[in-house]
Number of protein chains: 2
Amino acid sequence: MFAACLPGTPLIQIGGKWTAKIVRCLEGGPRRFSELMVPLGGVTPKVLTETLRAMERDGLVTRTVRGGVPQRVDYALTALGRTLLGPMAACCDWSEAHLPALLDARDAHESTGRPAPS
Amino acid sequence: MFAACLPGTPLIQIGGKWTAKIVRCLEGGPRRFSELMVPLGGVTPKVLTETLRAMERDGLVTRTVRGGVPQRVDYALTALGRTLLGPMAACCDWSEAHLPALLDARDAHESTGRPAPS
DNA sequence: CTGAATCCAAAAGGATACTG
DNA sequence: CAGTATCCTTTTGGATTCAG
């Protein structure tokens with residue numbers, strides 16, 4: 001979802017489908033596994049685990065196991081992870097401002113360009 | 001590569017693997033099909049066509065067929081497409097500043113966390 | 001030159017069930 | 001609660017070939 005679009009380098013894509021939302025969910029402080037599951041809306045534990053592991057590997061989040069009978073694990077942004085908040089905000093601002101226009105264009109194109117796809 | 005990460009909306013991903021680089025290639029003005037092929041480094045015509053068609057459908061680029069014996073087609077950013085340059089620059093700045101740190105973290109994690117994956 | 005057609009491999013994401 | 005283990009579907013991107 002987040003492309004490292006340096007002109008001279010091969011294209012690198014950072015993160016998967018859920019990375020952006022996870023970063024925003026962690027913006028306000030550490031969250032538990034289940035506290036991430038719910039607001040993400042329908043992500044499966046397998047995918048959430050994979051994504052969080054990848055982000056941990058990349059130094060974007062920390063994973064803290066806090067024992068106890070109902071096990072508890074906290075995820076939090078690292079300093080590096082917080083540096084993503086800036087560009088992420090730029091993307092969100094763009095979405096709020098221009099995504100409707102993009103979707104309008106998409107609808108319009110489907111109406112004019114291909115009236116009967118049957 | 002470009003996630004519309006509004007908190008309340010379902011996640012929408014804008015563009016594919018090459019969208020970011022295409023936008024940057026078009027930043028300086030219209031480009032022809034073959035002028036996009038080369039700097040993108042190894043994209044196949046099929047994928048480039050698909051990506052450009054999607055961007056045209058979304059109102060991000062215009063496609064202008066200029067006849068002639070060697071056929072010529074120009075692609076250019078629309079006003080909407082140019083609004084992407086801002087957030088895109090933020091992403092590129094982030095990449096330049098923090099991508100090395102991310103890759104370092106990735107290497108370090110692979111060394112410490114899993115010494116013998118055989 | 002531009003791009004459509006076909007076929008294909010890999011990866012991402014998801015459903016479901018089970019474990020410490 | 002916080003995952004792990006399997007299996008599966010869909011999507012994406014690519015190689016190759018052919019056409020206007």
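Every heavy atom of this structure was used, including side-chain atoms; hydrogens, water molecules and symmetry mates were not. Convention: sequence-line order gives letters A, B, ...; per-chain numbering from 1.
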When you check every protein heavy atom under 4.0 Å of nucleotides 5-20 of chain C, what one-letter string (B, S, -) results, 5' to 3'? BB------BBB----B

Enumerate, atom names and distances included, each donor-acceptor pair closer than 3.5 Å involving a side-chain atom of residues 80-87 of chain B, sequence neighbours excluded.
from	atom 1	to	atom 2	distance (Å)
R82(B)	NH1	L77(B)	O	3.2
T83(B)	OG1	W94(A)	NE1	3.0
T83(B)	OG1	L80(B)	O	2.4

Atom pairs and distances, donor-acceptor, side-chain atoms in residues 28-52 of chain B, under 3.5 Å, two or more places apart:
from	atom 1	to	atom 2	distance (Å)
E35(B)	OE1	R32(B)	N	2.7
T49(B)	OG1	P45(B)	O	2.8
T51(B)	OG1	V47(B)	O	2.8

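If you take CG of L48(B) and C1' of dT2(C), they are 10 Å apart, rounded to a whole angstrom. One interatomic measurement links the two molecules: CZ of R72(B) to P of dG3(C), which rounds to 12 Å at whole-angstrom precision. Between the P atom of dC1(C) and the CG atom of L36(B) lies a distance of 14 Å, rounded to the nearest Å.
With hydrogens and angles disregarded, no donor-acceptor distance shorter than 3.5 Å links the side chain of T62(A) to the backbone of T78(A).
Here salt bridge (charged side-chain N to carboxylate O under 4.0 Å, His left out) pairs that include residues 53-65 of chain A, with residues two or more places apart or in two chains, are D58(A)-R106(B).
End-to-end axis angle for the helix from dC1(C)-dG20(D) to dG20(C)-dC1(D), using five pairs per end and rounding to 10°, comes out at 50°.
Within the structure, a side-chain polar atom (N or O) of S34(B) is placed less than 4.0 Å from OP1 or OP2 of dT2(C). Note on R66(B): every side-chain N or O is 4.0 Å or more away from OP1 and OP2 of dT2(C). The side chain of R63(B) contributes no N or O atom lying less than 4.0 Å from OP1 or OP2 of dT2(C).
For DNA chain D, the span of nucleotides reached by chain B at under 4.0 Å from its heavy atoms goes, 5' to 3', from dG13(D) to dG20(D).
Rounding to the nearest 0.5 angstrom, the gap separating the CD1 atom in I22(B) from the NZ atom in K17(B) is 12.5 Å. Here R24(A) contributes atom CZ and T19(A) contributes atom OG1; the two are 14.0 Å apart, rounded to the nearest 0.5 Å. Taking SG of C91(A) as the start and CE of M88(B) as the end, the distance is 9.0 Å to the nearest 0.5 Å. Rounding to the nearest 0.5 Å places CD1 of I14(A) at 12.5 Å from NE2 of H98(B).
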Determine, step by step, whether T64(B) and R66(B) satisfy the side-chain contact (heavy atoms from CB on, under 4.5 Å) criterion, reporting the C-alpha distance in whole Å, the side-chain angles of both residues, the deciding distance to 0.1 Å, and the verdict. CA-CA 6 Å; T64(B) 308; R66(B) 319 176 74 76; 3.9 Å; yes

